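Since the structure comes first, as structure tokens, the remarks are kept for the end.
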Amino acid sequence: MNEFLSGEKLYGNDFSPEQIEKWFEEESEAYANIDQKGTIPTDYTYNNLNVVHGYSKLPGKIFENALGFGAAWGNEIEPLIDHIKNLTIVEPSEQLVSKSIGPITPNYVKPNSDGKLDFEAGTFDLITCFGTLHHIPNVGFVLGEMIRVLKPEGFLLLREPVQSMGDWRSPRPGLTKNERGIPLKFFEKTFSTQPVEVISRSFCFTLTTHIKKIFGRFFKKPLQYYKFYILFDKFISGILKFNLKYHPTKPVERIAPNSVFYVLKKK
């Protein structure tokens with residue numbers, strides 16, 4: 001188990017088909033069932049985060065076919081919706097579904113438990129995947145599938161926790177049974193073997209939980225809603241990335257960014 005807690009290997013990435021199927025069944029509705037998250041949010045709070053770290057890095061063009069991998073209601077697509085013609089969302093939950101996102105009616109597709117994407121190679125010129133992969137066992141295969149269905153010169157935007165999120169062998173309040181962070185070195189190794197160029201890699205969510213406890217009561221909305229906080233957090237996270245440890249156990253080890261944000265372009 002030490003090799004997983006150290007971040008040398010990603011837990012679940014070498015599971016058998018039977019283990020993957022079991023994981024898939026446990027996670028499909030797990031997020032939706034936490035705190036009644038099946039209710040469509042009226043105020044998605046991560047738009048500024050996604051714009052600052054991701055959408056601002058994209059060219060000002062129209063994307064013919066976009067894919068929101070695990071995008072649920074599709075709120076994460078809203079800042080870019082006027083630049084998208086067709087939107088497909090891969091989502092396992094029956095609860096996290098929207099009839100429309102701006103002027104677009106999304107096409108919802110159920111994922112396969114093995115991670116195989118039922119699309120032809122080079123189908124999409126934009127893929128977003130925000131906070132989804134850490135709910136999936138065979139992350140390496142799924143990343144390869146997303147890159148396969150991405151067009152050459154297409155973009156993949158990815159945001160994931162790079163800390164362990166605690167010891168996943170025991171129940172953790174507010175988290176699903178199987179979710180765990182993904183080691184930064186796993187992403188770096190994977191992208192070095194795939195036909196992608198890293199356009200941008202930035203970090204976020206340094207001590208956000210603690211800052212919320214101290215200052216959150218002074219703001220009407222969660223801190224990540226505000227662009228000034230996102231810019232501050234990005235700056236601090238960039239400085240403290242040296243202290244990033246996959247499974248922090250000491251207070252000083254927790255003074256580091258929790259998540260990474262990649263903008264990738266397919267070669």
Side-chain angles (χ1 to χ4, degrees), residues 1-15 46 49-50 52-54 56-57 69-70 76 115 127-147 150 155-169 172 175-176 178-211 224 230-267:
M1 193 64 191
N2 286 338
E3 60 186 351
F4 298 120
L5 293 177
S6 70
E8 291 302 316
K9 291 182 66 177
L10 175 61
Y11 180 73
N13 199 52
D14 56 356
F15 271 13
Y46 294 95
L49 176 76
N50 295 334
V52 168
H53 289 273
S56 62
K57 314 295 183 184
F69 187 81
E76 66 192 43
I127 299 176
T128 63
C129 181
F130 299 149
T132 299
L133 290 177
H134 70 280
H135 289 275
I136 293 172
N138 52 340
V139 175
F141 177 78
V142 173
L143 270 174
E145 278 291 278
M146 284 195 284
I147 294 169
L150 191 62
F155 292 88
L156 168 59
L157 275 62
L158 179 74
R159 170 170 47 85
E160 291 292 336
V162 285
Q163 290 183 341
S164 64
M165 305 175 72
D167 191 338
W168 55 87
R169 291 172 294 182
R172 298 154 296 165
L175 299 177
T176 65
N178 297 300
E179 63 179 310
R180 78 291 188 228
I182 301 172
L184 182 64
K185 62 176 60 179
F186 177 87
F187 283 127
E188 298 291 287
K189 182 177 181 180
T190 299
F191 297 146
S192 70
T193 62
Q194 290 283 350
V196 293
E197 173 188 0
V198 178
I199 301 298
S200 174
R201 186 193 74 172
S202 54
F203 296 88
C204 53
F205 296 141
T206 295
L207 293 177
T208 298
T209 301
H210 299 283
I211 294 173
Q224 70 269 11
I230 296 302
L231 293 172
F232 167 77
D233 175 64
K234 182 181 180 182
F235 174 73
I236 294 299
S237 296
I239 293 175
L240 294 173
K241 64 184 179 183
F242 76 91
N243 200 40
L244 177 61
K245 183 180 177 65
Y246 179 63
H247 186 64
T249 56
K250 302 175 182 177
V252 69
E253 295 173 345
R254 295 188 172 92
I255 307 175
N258 168 270
S259 297
V260 69
F261 202 122
Y262 284 99
V263 178
L264 304 162
K265 184 178 182 180
K266 188 170 180 180
K267 298 177 181 178

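These values consider heavy atoms only, across backbone and side chains, with no hydrogens, waters or symmetry-generated copies. Keep in mind the model is a prediction, meaning the values are calculated, not measured. In this chain, residues are counted from 1 in sequence order.
L158 CG to F261 CZ: the interatomic distance, rounded to the nearest 0.5 Å, is 8.0 Å. Summarising the geometry, atom CG belonging to L133 is positioned 11.5 Å from atom CZ belonging to R159; distances are rounded to the nearest 0.5 Å. Atom-to-atom distance recorded for I236:CD1 and L231:CG is 12.0 Å, nearest 0.5 angstrom. To the nearest 0.5 Å, atom CD1 of residue I211 and atom CG of residue D233 are 7.0 Å apart. How far CG of L10 is from NZ of K185: 12.5 Å, rounded to the nearest 0.5 Å. In this structure, CZ in F235 is found 15.5 Å from CZ in F203, a value given to the nearest 0.5 Å.
Counting heavy atoms from C-beta on, the side chains of L49 and K234 never come closer than 4.5 Å. The shortest side-chain heavy-atom distance between H135 and N178 does not fall under the 4.5 Å cut-off. You'll find the side chain of E188 reaches within 4.5 Å of the side chain of R201, heavy atoms only. For the pair Y262 and L156, the minimum side-chain heavy-atom distance is 4.5 Å or more. Looking only at side-chain heavy atoms (C-beta outward), L184 and V260 come within less than 4.5 Å of each other.
At least one cation-pi condition fails for R180 and F4: the charged atom is not both under 6.0 angstrom from the six-membered ring centre and inside a 45 degree cone around its axis.
Minimum interatomic distance between K57 and V52 (heavy atoms only, all atoms of both residues): CE-O, 3.9 Å. Here the closest non-hydrogen pair linking F186 and I182 is CD2-CG2, 3.7 Å. The minimum heavy-atom distance linking V142 with F69 is given by the pair CG1-CZ, 3.6 Å. In terms of heavy-atom proximity, E197 sits nearest to K267 at N-CE, 4.1 Å. In terms of heavy atoms, L5 sits closest to Y246 at O-CD2, 3.4 Å. The minimum heavy-atom distance linking H247 with S164 is given by the pair ND1-OG, 2.6 Å.
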Can you list the steps and then say if L143 with Q194 is a side chain to side chain contact (heavy atoms under 4.5 Å, CB included)?
-> CA-CA 9 Å; L143 270 174; Q194 290 283 350; 6.0 Å; no
From CA spacing to verdict: ring-ring contact (aromatic ring centres under 6.0 Å, His included), F130, Y46 | CA-CA 10 Å; F130 299 149; Y46 294 95; 9.5 Å; no
Is there a side chain to side chain contact (heavy atoms under 4.5 Å, CB included) between L157 and I127 once you walk through the steps?
-> CA-CA 6 Å; L157 275 62; I127 299 176; over 6 Å; no
Output, in order, the C-alpha distance, side-chain angles, deciding distance and verdict of side chain to side chain contact (heavy atoms under 4.5 Å, CB included) for I199 and K265.
-> CA-CA 7 Å; I199 301 298; K265 184 178 182 180; 3.8 Å; yes
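Of the options S200, S202, S237, a side-chain hydrogen bond (donor to acceptor under 3.5 Å, both in side chains) to H53 is made by S202 and by none of the others.
The backbone N or O of P161 lies less than 3.5 Å from no partner atom in the side chain of N258, so there is not a single donor-acceptor pair. K266 places a side-chain N or O within 3.5 Å of a backbone atom of L150 that can act as its donor or acceptor partner. Side-chain N or O atoms of E160 include one that pairs as donor or acceptor with a backbone N or O of H134 at under 3.5 Å. Formation of a donor-acceptor pair under 3.5 Å by the N243 side chain with backbone atoms of R254 is not found in this model.
Remark: F141 CZ is packed, more than 12 non-hydrogen atoms of other residues, nucleotides or ligands lying under 6.0 Å away.
Using a 30° and 60° split on the angle between ring planes, F15 and Y11 fall in the perpendicular class, above 60°.
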